[in-house]
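Remarks on the structure that follows.
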Amino acid sequence: MNIFRLLGDMCHLVAIIILFLKIWRSKSCAGISGKSQVLFALVFTTRYLDLFTSFISVYNTVMKVVFLVLAYATVYLIYLRFRSTYNSESDSFRVEFLLVPVAGLSFLENYAFAPLEILWTFSIYLESVAILPQLFMITKTGEAESITTHYLFFLGLYRALYLANWVWRYHTEGFFDQIAVVSGVVQTIFYCDFFYLYFTKVLRGSGKMTLP
Amino acid sequence: LSPKDVKDEL
């Protein structure tokens with residue numbers, strides 16, 4: 001554990017809590033991609049199956065359980081509790097175009113051809129693209145509420161901090177995980193355009209982020 | 001380090 005890793009995890013947690021509270025308090029999931037949230041729930045489910053097979057630390061176990069619970073609670077709010085506020089027409093990204101290649105790649109490029117290992121690899125690859133339906137939705141509607149952009153900012157910051165964590169671990173421990181690092185770099189790149197808009201539009205202005 | 005070591009990350 002290093003400071004980048006810890007801050008990264010905290011940003012990830014903050015992002016998930018921001019989204020959950022936004023939907024819970026406003027009783028609306030307008031502007032939120034339910035598909036991205038289902039993908040994230042799938043990411044956590046397939047990655048954290050090792051909760052049943054190996055114990056790493058109390059921190060690790062607690063964080064995994066919290067992420068899983070919040071991910072499913074968010075999906076529940078979007079698709080069941082506040083379903084009437086869900087913009088299904090704008091959330092039109094075809095997730096099969098993500099799931100099929102990601103599933104195929106996880107069978108081809110993994111550390112061991114074992115069920116848990118393939119599911120872990122699948123979760124790593126899927127996480128790198130899971131935000132695309134949300135970014136697609138913002139591009140399609142041309143706007144996002146500022147609270148939604150704060151959610152995306154913390155999610156992107158979490159990714160950037162994990163990159164710093166890997167640089168740190170490489171230099172201090174000689175640790176290098178190519179699947180996680182390559183996917184992590186790809187994932188972080190998706191946020192770059194958003195970061196630019198966030199700093200130039202959201203933080204300088206107020207209210208919604210509108211696309212040029 | 002083996003790939004298993006990455007599993008301590010979330």
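Only this structure's heavy atoms are used, side chains among them; waters, hydrogens and symmetry mates stay out. By convention in this document, chain letters (A, B, ...) are assigned in the order of the sequence lines, proteins followed by strands, and residues within each chain are numbered from 1.
- With a 4.5 Å cut-off on side-chain heavy atoms, B:Leu10 and A:Lys64 count as touching.
- Using a 4.0 Å cut-off between charged side-chain N and carboxylate O, B:Lys7 and A:Asp177 make no salt bridge.
- Within a 6.0 Å sphere centred on CZ of A:Phe52, heavy atoms belonging to other residues, nucleotides or ligands number 12 at most.
- Residue A:Tyr170 places its OH atom among 12 or fewer non-hydrogen atoms of other residues, nucleotides or ligands, all under 6.0 Å distant.
- Ionic pairing of B:Glu9 and A:Arg47 is not present here: no N-O contact between side-chain nitrogen and carboxylate oxygen is shorter than 4.0 angstrom.
- Within a 6.0 Å radius of OH in A:Tyr59, more than 12 heavy atoms belonging to other residues, nucleotides or ligands are found.
- Interface remark: A:Phe44 contributes no atoms to any contact with chain B (heavy atom separation under 4.5 Å).
- Residue contact with chain B, scored on non-hydrogen atoms closer than 4.5 Å, involves the side chain of A:Asp9 exclusively.
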